[in-house]
Amino acid sequence: MTPLDFEARYDAEWRELEGLLDRVLKRTKPKAPKEPLRGERIAALYRRACEHLALARARSYPAYLVDRLDRLTADAHQVIYQQRDVGMAALWRIASRDFPRAVRADAAYVWIATALLVLPTAVFAALAYSSPTLILSVVDAATVAQFEQMYSRSGDAIGRTRDAGGDWTMFGFYIRNNVGIAFQCFASGLAAGLGSIFFLVYNGVLFGAIAGYLTERGLGGTFYSFVVTHGAFELTAIALSGAAGLKLGHSLLAPKRRTRAQSLVQAARESVVIVYGVTAMLVVAAAVEAFWSSAAWIPEGVKYGVAAVCWLLVFAYLCLQGRHAT
Amino acid sequence: MARAVLDTAVAAETPEGILLELRPAGIAARFYALLIDWFIRLMIAYAAAIVGVFMGGFGTGFWLLLLFLLEWFYPVVFELGRSGATPGKSVVGLKVVMDDGLPVTPAASFTRNLLRVADFLPFAFGAAIVSMLLRSDAKRLGDLAAGTLVVHQPQRPPRWKLDDVAPVTPVLPLGPSDQAAIVALAARAPTLTGERLDELAALAASVSGDAGRSGASVTRRVLGVAQWAMGKRA
């Protein structure tokens with residue numbers, strides 16, 4: 001069979017498939033209402049086109065013919081094997097099962113990341129409390145003054161009395177800032193885990209030094225009542241994103257019985273589930289921080305009570321949710 | 001195969017047993033796409049800032065939220081769309097696919113775009129540039145971890161335009177691979193300049209009995225042999 005015979009014999013099938021694919025991919029504007037799309041027809045024509053492509057290649061048919069079949073099968077392949085798992089069901093599956101399971105599966109990384117965040121916090125809190133001037137080697141004087149003003153008990157302090165618009169501004173700011181930090185903390189783990197370690201320790205040092213300093217200045221009450229509620233989500237989320245980053249880095253350093261590339265792909269696939277959860281937690285944290293933590297009219301007792309419930313809920317969720325097969 | 005050594009094409013096998021040819025996009029094409037996407041994002045952020053100014057604190061909050069979404073989710077949203085490409089990539093003719101040629105999954109798209117941060121290290125996308133230049137499939141670190149490829153969208157090949165060429169019976173016996181080579185030359189004819197086509201046809205002139213000569217008439221006779229190989233007879 002010559003190429004021309006081949007083309008003449010099967011051209012009708014190819015045209016039909018091209019037409020169907022154009023309709024699926026919405027490349028052509030539907031002029032008149034046509035008969036409904038039939039998936040099995042596309043699949044059947046696709047398999048035929050695959051056969052024709054294999055024949056055309058084996059017989060060294062001209063390039064334009066092979067290219068046409070190549071393109072046709074590639075398009076059909078994309079349509080037939082499309083995965084559409086971005087719906088509500090997928091989100092619910094991640095929240096109710098996959099995320100807490102992924103955290104528990106990587107408990108070792110989570111503990112290491114927690115230690116990398118908490119130990120510098122504790123050390124620098126103690127240091128800054130005993131020698132307050134240390135704060136100046138962590139942040140500059142203007143920032144210190146700003147923090148002091150933020151958490152002072154005077155009525156006009158920033159973040160204590162502001163209008164609804166101000167709350168929204170801070171919500172946007174917290175989302176961009178905090179989720180950005182978490183994403184960086186995760187992604188920089190690709191550098192053999194060093195980036196994650198850096199961001200965890202850096203944030204620990206910063207938080208610890210400021211907490212220690214403000215406590216020493218007698219502003220601890222306002223500070224702790226401010227951070228304690230959203231901290232349940234935010235600090236946990238930062239630690240978890242660091243853990244996911246450490247997992248990435250470790251997969252490169254110790255690929256075990258895989259190649260480094262395979263090991264990295266596997267680790268990324270598993271740890272990105274944690275990053276989904278972290279993103280959601282940080283959105284919650286930003287909402288709490290903007291609309292609840294900063295509300296001056298809520299008594300501190302209530303805030304501590306709510307905070308205790310939040311911490312308990314977060315730990316219970318991460319430890320217990322999704323243990324049973326569903 | 002000598003071709004496999006020089007070519008950057010990646011073959012992905014489908015369950016139907018055929019090989020899809022994926023053509024990974026190099027650093028230049030991807031850089032242009034990145035520039036276009038940056039420009040679009042800048043324009044969106046700028047337009048939103050103008051609107052936001054009139055909405056007070058709520059507007060500022062909304063703007064910061066939008067910046068966050070543009071920064072991290074702009075590529076994800078577009079890559080999961082029908083074309084599998086951000087507007088910048090569409091303009092340059094690129095798309096993102098999985099290593100096996102399938103459409104990119106949500107998890108993979110999210111991963112490769114999150115890891116852009118790591119690709120940026122130590123500065124100005126240093127890691128991405130090194131990785132893309134070292135690999136024949138031009139993957140950056142995010143692509144490595146997500147198992148994705150950025151490929152050229154297949155172009156519609158130019159139509160075969162030899163209907164006006166009269167078939168010529170070859171003076172030599174031609175094997176299948178010889179015939180394929182002549183036909184491939186004819187298929188490429190629309191994309192070549194006249195001079196280059198003459199040059200290439202002169203190399204094959206012996207098939208029409210014109211060995212050692214060149215020129216438009218020789219080219220026409222060689223293309224006539226291609227017509228013959230395609231199945232046309234005088």
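Throughout, a chain's letter reflects where its sequence line sits, starting with A, and its residues are numbered from 1.
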Taking side chain as C-beta onward, heavy atoms only, is [X] less than 4.5 Å from [Y]?
X: A/Trp168; Y: B/Phe62; value: no
X: A/Leu264; Y: B/Leu144; value: yes
X: B/Leu19; Y: A/Arg57; value: yes
X: B/Phe110; Y: A/Val275; value: yes

Rounded to the nearest 0.5 Å, how far does [atom2] of [Y] lie from [atom1] of [X]?
X: B/Leu64; Y: A/Met170; atom1: CG; atom2: CE; answer: 9.0 Å
X: B/Glu71; Y: A/Phe183; atom1: CD; atom2: CZ; answer: 10.0 Å
X: A/Thr279; Y: B/Trp72; atom1: OG1; atom2: CH2; answer: 10.0 Å
X: B/Phe68; Y: A/Tyr174; atom1: CZ; atom2: OH; answer: 16.0 Å
X: A/Arg176; Y: B/Leu67; atom1: CZ; atom2: CG; answer: 4.5 Å

Side chain / backbone / both / neither for [X] at chain B, heavy atoms under 4.5 Å:
X: A/Arg59; result: neither
X: A/Leu53; result: side chain
X: A/Leu248; result: side chain
X: A/Tyr46; result: side chain

In terms of heavy-atom contacts, does CZ of A/Arg9 have more than 12 from other residues, nucleotides or ligands at under 6.0 Å?
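Count not over threshold, so no.
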If you draw a 6.0 Å radius around OH in A/Tyr10, do more than 12 non-hydrogen atoms from other residues or ligands fall strictly inside?
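It does: A/Tyr10 OH has more than 12 such atoms within range.
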Which heavy atom of [X] sits nearest to which heavy atom of [Y], and what is that distance?
X: A/Ala187; Y: B/Leu115; value: CA-CD2, 3.6 Å
X: A/Ala54; Y: B/Ile18; value: CB-CG2, 4.4 Å
X: B/Ala107; Y: A/Tyr276; value: CA-OH, 3.0 Å

Is [X] close to chain A through its backbone or its side chain, or both, or neither, when contacts mean heavy atoms under 4.5 Å?
X: B/Gln153; result: neither
X: B/Lys95; result: side chain
X: B/Asn113; result: neither

With a 4.5 Å cut-off on heavy-atom pairs, point out which of B/Leu66, B/Leu114, B/Leu65, B/Thr60 contacts chain A the most.
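Between B/Leu66, B/Leu114, B/Leu65, B/Thr60, the count favours B/Leu114.
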A/His77 and B/Leu102: CA distance, side-chain angles, deciding distance, side chain to side chain contact (heavy atoms under 4.5 Å, CB included) verdict
CA-CA 7 Å; A/His77 178 253; B/Leu102 290 176; 3.4 Å; yes
Hey, is the main chain of B/Gly101 close enough, under 3.5 Å, to the side chain of A/Gln78 for a donor-acceptor pair?
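Yes.
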